[in-house]
Amino acid sequence: METNNETKQEILDKRYMRMAMIWAENSYCNRRKVGALIVKNKMIISDGYNGTPAGFENVCEDEHGITIPYVLHAEANAITKIARSNNSSEGATLYVTASPCIECAKLIIQAGIKRVVYGEKYRLEDGLNLLKKANIEIVYINKDEE
């Protein structure tokens, strides 16, 4: 059954993307706030946003506005939370407000995530290209049209 020419999956994708955008608001980063959700069997099993590691001051940029090297990306935060839980990301979908970088793409592949839905294109596409090479389904939802 389709609603307004959208499938149930497309409706769910947009809904989870809106949730990821709200989750991004938790980030203390000034340059870019990114949120991520890992969903499996219609359940959110992990979440993350870009920021500093646990126990570090919540400052993401130096005095020149450059991102501090140890800041974690939203995808990395969500994936590492899975490692500390009893959940498995095998076969899950990752919703992220910005396209994954190459380093996060490696983590996504290793975590067994089979689908990535993202909402903002980044100037570098090496992360997306690696995901495609690993046969991970990639879906772009323009988050500015939501």
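In this chain, numbering begins with 1 at the start of the sequence shown. From a predicted model like this one, the values you see are computed outputs, not experimental measurements.
Cluster membership for Leu72 and Leu37, using ILVMFWY side-chain heavy atoms within less than 4.5 angstrom, is not shared. Residues Met21 and Trp23 fall into different hydrophobic clusters, defined by Ile, Leu, Val, Met, Phe, Trp and Tyr side chains chained together at heavy-atom separations under 4.5 Å. Grouping the Ile, Leu, Val, Met, Phe, Trp and Tyr side chains by contacts below 4.5 angstrom, directly or via other members, places Ile22 apart from Val96. Transitive grouping of hydrophobic side chains (ILVMFWY, heavy atoms separated by less than 4.5 Å) brings Tyr140 and Ile108 into a common cluster. Hydrophobic clustering, with ILVMFWY side chains joined whenever heavy atoms are under 4.5 angstrom apart, keeps Tyr16 apart from Tyr49.
You'll find the side chain of Asp13 reaches within 4.5 Å of the side chain of Ile141, heavy atoms only. A heavy-atom distance below 4.5 Å is not found between the side chains of Ser89 and Lys40. Pro53 is listed as a side-chain neighbour of Tyr70, based on a closest heavy-atom distance under 4.5 Å. A heavy-atom distance below 4.5 Å is found between the side chains of Tyr118 and Ile138.
Of all non-hydrogen atoms in Ile136 and Arg115, the two that sit nearest each other are CG2-N, 3.8 Å. Here the shortest heavy-atom pairing between Glu75 and Ala98 reads OE2-O, 4.2 Å. When all heavy atoms of Ala74 and Val34 are compared, the closest pair comes out as CB-O, 3.4 Å. Annotation for Ala36 and Leu94: closest pair CB-CD1, 4.0 Å, computed over non-hydrogen atoms. Residues Ser46 and Ala78 share a closest heavy-atom pair of OG-O, 2.7 Å. Looking at every heavy atom in both residues, Met17 comes nearest to Tyr95 through N-CD2, 4.2 Å.
To the nearest 0.5 Å, atom SG of residue Cys104 and atom CD1 of residue Ile109 are 11.5 Å apart. Between the CD atom of Glu90 and the CD1 atom of Ile82 there is a distance of 11.5 Å, given to the nearest 0.5 Å. The distance from atom CD1 of Ile38 to atom CE of Met43, rounded to the nearest 0.5 Å, is 13.0 Å. Distance check, rounded to the nearest 0.5 Å: NZ of Lys132 to CG of Leu130 gives 11.5 Å. Within the model, atoms CD1 of Ile102 and CG of Asp126 stand 4.5 Å from one another, a figure rounded to the nearest 0.5 Å. Note that CD of Glu10 and CZ of Arg15 are 13.0 Å apart. Values are rounded to the nearest 0.5 Å.
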(message) If you apply the rule side chain to side chain contact (heavy atoms under 4.5 Å, CB included), what do you find for Val116 with Val139, and how did you get there?
(response) CA-CA 6 Å; Val116 174; Val139 177; over 6 Å; no

Handout entry: Check against salt bridge (charged side-chain N to carboxylate O under 4.0 Å, His left out), Glu6 and Lys14
Key = CA-CA 10 Å; Glu6 285 186 315; Lys14 288 181 178 183; 2.5 Å; yes

| query | Please walk me through it: do Ile113 and Thr93 pass side chain to side chain contact (heavy atoms under 4.5 Å, CB included)? | reply | CA-CA 6 Å; Ile113 292 168; Thr93 297; 5.9 Å; no

Residue pair Ile45, Val39: steps toward the side chain to side chain contact (heavy atoms under 4.5 Å, CB included) verdict: CA-CA 6 Å; Ile45 60 169; Val39 177; over 6 Å; no

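With Thr97 contributing its side chain and Gly35 its backbone, the two residues share a donor-acceptor pair below 3.5 Å. In this structure, the side chain of Lys33 engages the main chain of Ser27 through a donor-acceptor pair within 3.5 Å.
Between Arg32 and Glu120, at least one side-chain N (NZ, or NE/NH1/NH2) sits under 4.0 Å from a carboxylate O, which counts as a salt bridge.
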Please tabulate, for side-chain N and O atoms in residues 54-67, each donor-acceptor pair with protein atoms closer than 3.5 Å (sequence neighbours left out).
{"unit_1": "Glu61", "atom_1": "OE1", "unit_2": "Asn30", "atom_2": "N", "d": "3.3"}
{"unit_1": "Glu61", "atom_1": "OE1", "unit_2": "Asn30", "atom_2": "ND2", "d": "3.4"}
{"unit_1": "Glu61", "atom_1": "OE2", "unit_2": "Asn30", "atom_2": "N", "d": "2.9"}
{"unit_1": "Glu61", "atom_1": "OE2", "unit_2": "Arg31", "atom_2": "N", "d": "3.0"}
{"unit_1": "Asp62", "atom_1": "OD1", "unit_2": "His64", "atom_2": "N", "d": "2.8"}
{"unit_1": "Asp62", "atom_1": "OD1", "unit_2": "Gly65", "atom_2": "N", "d": "3.1"}
{"unit_1": "Asp62", "atom_1": "OD1", "unit_2": "Ile66", "atom_2": "N", "d": "3.0"}
{"unit_1": "Thr67", "atom_1": "OG1", "unit_2": "Arg31", "atom_2": "NH1", "d": "2.7"}

